[in-house]
There are 2 protein chains.
Amino acid sequence: MARAIQQRTLQTRAKLVEAAKAVIAEDGYEAMRVEEVVLRAGVAKGTFFAHFKDKDALMDLLIGAEIDRHLDQLEAQPAPETISDMAAAMMPLVAFMSCERYVFDVILRHSGAAANAEIGPIAMTFGRHTDITANWLKNKPFRKDLSAELQAEGVQAFVVQAISLVFCALHNAVDPQDRMETYLQAWLLPQT
Amino acid sequence: MARAIQQRTLQTRAKLVEAAKAVIAEDGYEAMRVEEVVLRAGVAKGTFFAHFKDKDALMDLLIGAEIDRHLDQLEAQPAPETISDMAAAMMPLVAFMSCERYVFDVILRHSGAAANAEIGPIAMTFGRHTDITANWLKNKPFRKDLSAELQAEGVQAFVVQAISLVFCALHNAVDPQDRMETYLQAWLLPQT
DNA sequence: TTTATAAATTGACCGCGGTCAATAATGGAG
DNA sequence: CTCCATTATTGACCGCGGTCAATTTATAAA
């Protein structure tokens with residue numbers, strides 16, 4: 001039978017997470033090295049991998065938590081009434097997701113759950129974001145020919161597209177918020 | 001002053017590319033190891049990096065070439081008349097882009113040019129794909145409130161979204177082609 | 001042909017993520 | 001308290017991408 005989790009385990013894990021946060025605060029996500037984290041946490045390298053499947057798993061956790069913070073903000077706000085408000089509301093999240101090329105790459109890698117049983121923190125946030133967006137869209141005068149879920153899926157696709165273009169030298173002249181507004185206008189308020 | 005490129009250089013490069021293709025044909029993209037490639041090509045490891053900035057650069061080349069082959073097919077076909085035809089026409093490309101999780105990750109990483117001066121093969125294919133799609137949409141009875149370019153950008157966003165969901169255990173029950181049709185219908189033929 | 005210079009190649013070496021058999025700490029049963 | 005099965009920790013080791021000073025090879029000029 002399964003034993004209770006030891007105190008030690010929780011402490012070590014907390015030390016690792018704290019150390020990682022410190023490194024990231026100083027030098028950014030991309031600069032994080034497992035060796036630096038274990039050095040600061042005062043544990044052996046192997047211990048890291050006893051707590052996290054791999055480096056990406058810790059990134060998933062930390063970045064996922066940050067995204068969740070932004071989603072909390074979104075949920076605390078009233079549903080936006082206009083396309084412009086909607087784009088504006090999403091900008092803090094977009095800004096975080098595009099704070100580093102590396103961060104965006106991690107997010108894309110983890111945005112889908114590899115298996116039903118192992119939905120990671122970031123994959124969870126994508127589900128949450130869809131739900132929040134779908135709730136915004138209900139009872140609003142946007143697309144009536146599409147389910148709120150499908151509309152929300154499209155919004156997510158355009159968020160990813162807008163961030164992708166932030167990192168593209170050929171297209172990053174346009175302000176991300178303007179681009180989001182253009183996309184949302186076209187997607188949610190077609191002028192047929 | 002710059003000297004002409006040596007024969008030797010082209011030969012070595014060709015040997016490396018051939019060796020890489022062979023490895024990939026046998027074991028797939030993800031399994032490709034630089035050490036295995038240089039072993040088969042009969043050159044030293046350092047030589048590889050004299051020809052390619054890093055492993056990703058060779059991947060960019062090989063995967064970009066493969067995507068170009070699919071785009072050649074698309075260009076050779078007449079413009080699709082219906083949403084259904086359009087989705088069907090894009091499926092071979094979608095299938096290749098989702099043949100391996102690793103391949104899709106490489107594509108996403110390289111889909112935007114990091115700098116204007118260094119547009120890689122994959123970034124080029126994204127531009128080409130937009131152009132081809134925009135040409136399809138011109139003189140067709142789809143969205144008249146949007147430029148063909150914006151419509152094409154949206155199509156690209158939905159292609160990426162559809163492939164992402166192929167790799168997501170939570171959503172991969174739906175057939176990719178059906179999903180593409182749903183997206184394209186919603187994007188290009190809104191029923192307001 | 002000889003020589004000078006640029007270009008291509010080499011392989012020992014490094015950084016860093018990840019593994020695993022050995023060891024130590026923990027906590028419940030007797 | 002003692003014993004011991006379970007769990008946590010350790011650090012030497014490996015795989016593999018990437019670097020660079022040294023060496024070899026090609027080519028234009030004399």
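In what follows, chains are A, B, ... by sequence order, proteins preceding strands, each numbered from 1. Because only heavy atoms are used, hydrogens play no part in the values below, and waters and symmetry mates are left out as well, while side chains stay in.
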- Query: Given atom CD of Gln7(B) and atom C1' of dT25(D), what is their separation to the nearest angstrom?
  - Reply: 14 Å
- Query: How long is the line joining CD1 of Ile5(B) and P of dT27(D), in whole Å?
  - Reply: 12 Å
- Task: Just jot down the side chain to side chain contact (heavy atoms under 4.5 Å, CB included) partners of Ile24(B), sequence neighbours excluded, or say none.
- Result: Tyr29(B), Met32(B), Leu62(B)
- Item | Atom pair distance, as rounded to whole Å: CZ in Phe48(B) and C1' in dG11(C) | 16 Å
Check residues 84-92 of chain B and write down every donor-acceptor pair under 3.5 Å in which the side-chain atom is one partner and the other belongs to a residue at least two apart or another chain.
unit_1   : atom_1 : unit_2    : atom_2 : d
Ser84(B) : OG     : Glu181(B) : OE2    : 3.4
Asp85(B) : OD2    : Thr82(B)  : OG1    : 3.4

- Task: Indicate for each nucleotide in nucleotides 19-24 of chain C, in 5' to 3' sequence, whether protein heavy atoms under 4.0 Å reach the base (B), only the sugar-phosphate (S), or nothing (-).
- Result: BB----
- Query: Is it the case that Thr133(B) and Gln156(B) place a side-chain donor and acceptor less than 3.5 Å from each other?
  - Reply: no
- Query: Closer to the 5' end of DNA chain D via nearest nucleotide, is it Val34(B) or Gln6(B)?
  - Reply: Val34(B)
- Message: From CG of Leu10(A) over to P of dA25(C), roughly how many Å is that when rounded to an integer?
- Response: 19 Å
- Between dG17(C), dA7(C), dT9(C), which nucleotide gets closest to the side-chain atoms of His51(B)? dT9(C)
- Task: Provide, to the nearest angstrom, the distance between the CG atom belonging to Leu39(B) and the P atom belonging to dT10(C).
- Result: 13 Å
- Atom CG of Leu16(B) and atom P of dA8(C) are separated, to the nearest Å, by 13 Å
- Task: Respond yes when some side-chain nitrogen or oxygen of Thr12(B) is under 4.0 Å from OP1 or OP2 of dT9(C), and no when none is.
- Result: yes
- Query: Please give, in whole Å, the distance from dG17(C) C1' to Glu35(A) CD?
  - Reply: 8 Å
- Item | Within residues 38-51 of chain A or reaching into it, pairs that qualify as salt bridge (Lys or Arg N to Asp or Glu O under 4.0 Å) - sequence neighbours excluded | Glu26(A)-Arg40(A), Glu35(A)-Lys45(A), Glu36(A)-Arg40(A)
- dG17(D), dC16(C), dG11(D): which one has an atom nearest the side-chain heavy atoms of Lys55(B)? dG17(D)
- For atom CZ of Arg33(B) and atom C1' of dG18(D), their distance in whole Å: 15 Å
- Note on the structure: Applying side chain to side chain donor-acceptor pair (under 3.5 Å) to Asp105(A) and not counting sequence neighbours gives Arg101(A)
- Of dG17(C), dA8(D), dA8(C), the nucleotide closest to the side chain of Thr9(A) is dA8(D)
- May I have the step-by-step check of ring-ring contact (aromatic ring centres under 6.0 Å, His included) for Trp136(B) and Phe142(B), ending in yes or no? CA-CA 10 Å; Trp136(B) 279 356; Phe142(B) 298 130; 10.0 Å; no
- For Asp56(A), enumerate each residue passing the salt bridge (Lys or Arg N to Asp or Glu O under 4.0 Å) test, keeping only those at least two apart in sequence or located in another chain. Arg109(A)
